[in-house]
Protein chains: 2
Amino acid sequence: MTSREMTTALVPRLADEIRDKLIAGEFQPGQRLSEPALCAELQVSRNSLREAFRLLTKDGLLRHEPNRGVFVATPDMASIIDIYRMRRIIECRALEQAHPKHPAVARMRRAVDTALERSASGDWRSVGSANMAFHAAIVDLADSTRLSAFYTQIAAELRLCFGLLDDPEFLHAPYVDQNAAILAELEAGRPAAAAAALEAYLARSERTVLAAFTRIRENGA
Amino acid sequence: MTSREMTTALVPRLADEIRDKLIAGEFQPGQRLSEPALCAELQVSRNSLREAFRLLTKDGLLRHEPNRGVFVATPDMASIIDIYRMRRIIECRALEQAHPKHPAVARMRRAVDTALERSASGDWRSVGSANMAFHAAIVDLADSTRLSAFYTQIAAELRLCFGLLDDPEFLHAPYVDQNAAILAELEAGRPAAAAAALEAYLARSERTVLAAFTRIRENGA
DNA sequence: TCTGTCAAGATCGTTCAACGATTTTATGAT
DNA sequence: ATCATAAAATCGTTGAACGATCTTGACAGA
């Protein structure tokens, strides 16, 4: 670890790496993450790994059981409902009060364009990422450091839920156009209409996720 | 560490302990927290301390500078303004949609009674704690795990700001009655009126804190 | 065969020691 | 007084160690 490239501190990088694996569905929910095993896989010491675990536990992505280890969080219906409640409050309000020339609008535009492009080529995972970036940009319209940080956390949890579901096309494709429509309203100077569209978007998305989740639950159990 | 009382895991307890010290103003903002020194003071190893540091850094109470150590966060006006924006959104909305028979209302009542009692005996620090408990209970009216967790974090940051200010009576006393009034409106089945009163409360509190903060800034620098 | 007990075995929780890398300070020369 | 350099203090990370706790599997008795 001496002469290697160390652009960033180890622990946050480690946390990001594990977060990516979680979001990518590389671990099953409820699965135990063995410290020795992950240490070996990620080539870090136990102490560093444990620091990263603390961060991810605080994010709600891992669950910590005393003397038993950390487990991948197992999202339940209550989590999904709670997350969507937060999204409605945060995103709709941010959009509603947004100024159409806010710099975050440009990022929304880029995200929509990327999503359109990638959905044409069938890269649904990238479409999902672009969608998430779009909504993160919406939150940034509110210009609140704390709100954006909170949303980042919520979004990671939601992506963990998505990871449970198997059909990314079904999960992301229908929303590309809705995002575009929301952005169009905002760019046209109608934030209230944009917020209303977003409200509808979220309602539909929640229904879809909950339904898929129920299906999984029934099949899995 | 073997035979001592270990009701809870060490690291979270450690984080709480440091958080309390921070809120109590035991460290100056911007002050560097030396790992060896705190290890000796708290009788824990460096690794455990570092894990606790990670948690508090994520809470915004500490700032982490690579290769330099952790520092007590130095709240600025932007933080205060941002925190109060969050409070307005979170608390007012929660109160507005609250059912007067929600269990959290009982906790609000207890907090108000405690605050009244302690303010009579001049224990302003306890009054401050009771006030914070009152507002945390307001947030719990929304029945959202994530929202309550987020608010806990915001509240800790705010208390760090309070810690900078010197006159706790001036800072807490005027609000005991306002809290009582807000609660009365809610108990009377008028959540909208309660929310309006809270809005006024927060506006006044924000002005007070910002003014005190400005005064400190001018005197200190 | 089933079940309850008990002894490994595997991990976790925590601490300690070590070492390179970086920052800060003390020192000394110009 | 200023700047370069050496010394001291930490930080970042690792590795090992040890008691405590959980899990597993064997074994004896019903």
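Numbers restart at 1 for each chain; the letters A, B, ... are given by sequence-line order, proteins then strands. Any value given below was found using the heavy atoms of this structure, including those in side chains, with hydrogens, waters and symmetry copies removed.
Not less than 6.0 angstrom separates the ring centroid of B:Y151 from the ring centroid of B:H135.
Contact check of residues 29-36 of chain A against DNA chain D (heavy atom, cut-off under 4.0 Å) returns no residues at all.
Within the structure, ring pair (Phe, Tyr, Trp, His ring centres under 6.0 Å) pairs that include any residue of residues 43-87 of chain B do not occur (at least two apart or interchain).
Nearest to the side-chain atoms of A:V44 among the listed nucleotides C:dC12, C:dA18, D:dT14 stands D:dT14.
For the pair A:R146 and B:F150, the cation does not sit on the ring face, since its NZ or CZ is not both under 6.0 Å from the ring centre and inside 45° of the axis.
Look at CD on B:E65: it is 22 Å from P on C:dA21, rounded to the nearest Å. One atom, CZ of B:R68, and another, C1' of C:dT25, lie 13 Å apart when rounded to the nearest Å. Here the P atom of nucleotide C:dG20 and the CG atom of B:N67 are 16 Å apart, to the nearest Å. As a whole-Å value, the separation of B:R46 CZ from C:dT15 P is 13 Å. Between A:N47 atom CG and C:dT15 atom C1' there is a gap of 10 Å when expressed in whole angstrom units.
Counted by atom type alone, A:D140 and A:H102 present zero donor-acceptor pairs between their side chains at under 3.5 Å. Using modelled atom types, one finds a donor on one side chain and an acceptor on the other under 3.5 Å when comparing B:S79 with B:D76.
Among residues two or more places apart in sequence or in another chain, the salt bridge (Lys or Arg N to Asp or Glu O under 4.0 Å) test is passed with B:D123 by none.
A sub-4.0 Å separation between OP1 or OP2 of C:dG13 and a side-chain N or O of A:R50 is present. Taking 4.0 angstrom as the limit, B:H64 places none of its side-chain polar atoms (N or O) nearer than this to OP1 or OP2 of D:dC11. An OP1 or OP2 oxygen of D:dG12 is reached within less than 4.0 angstrom by no side-chain nitrogen or oxygen of A:S48.
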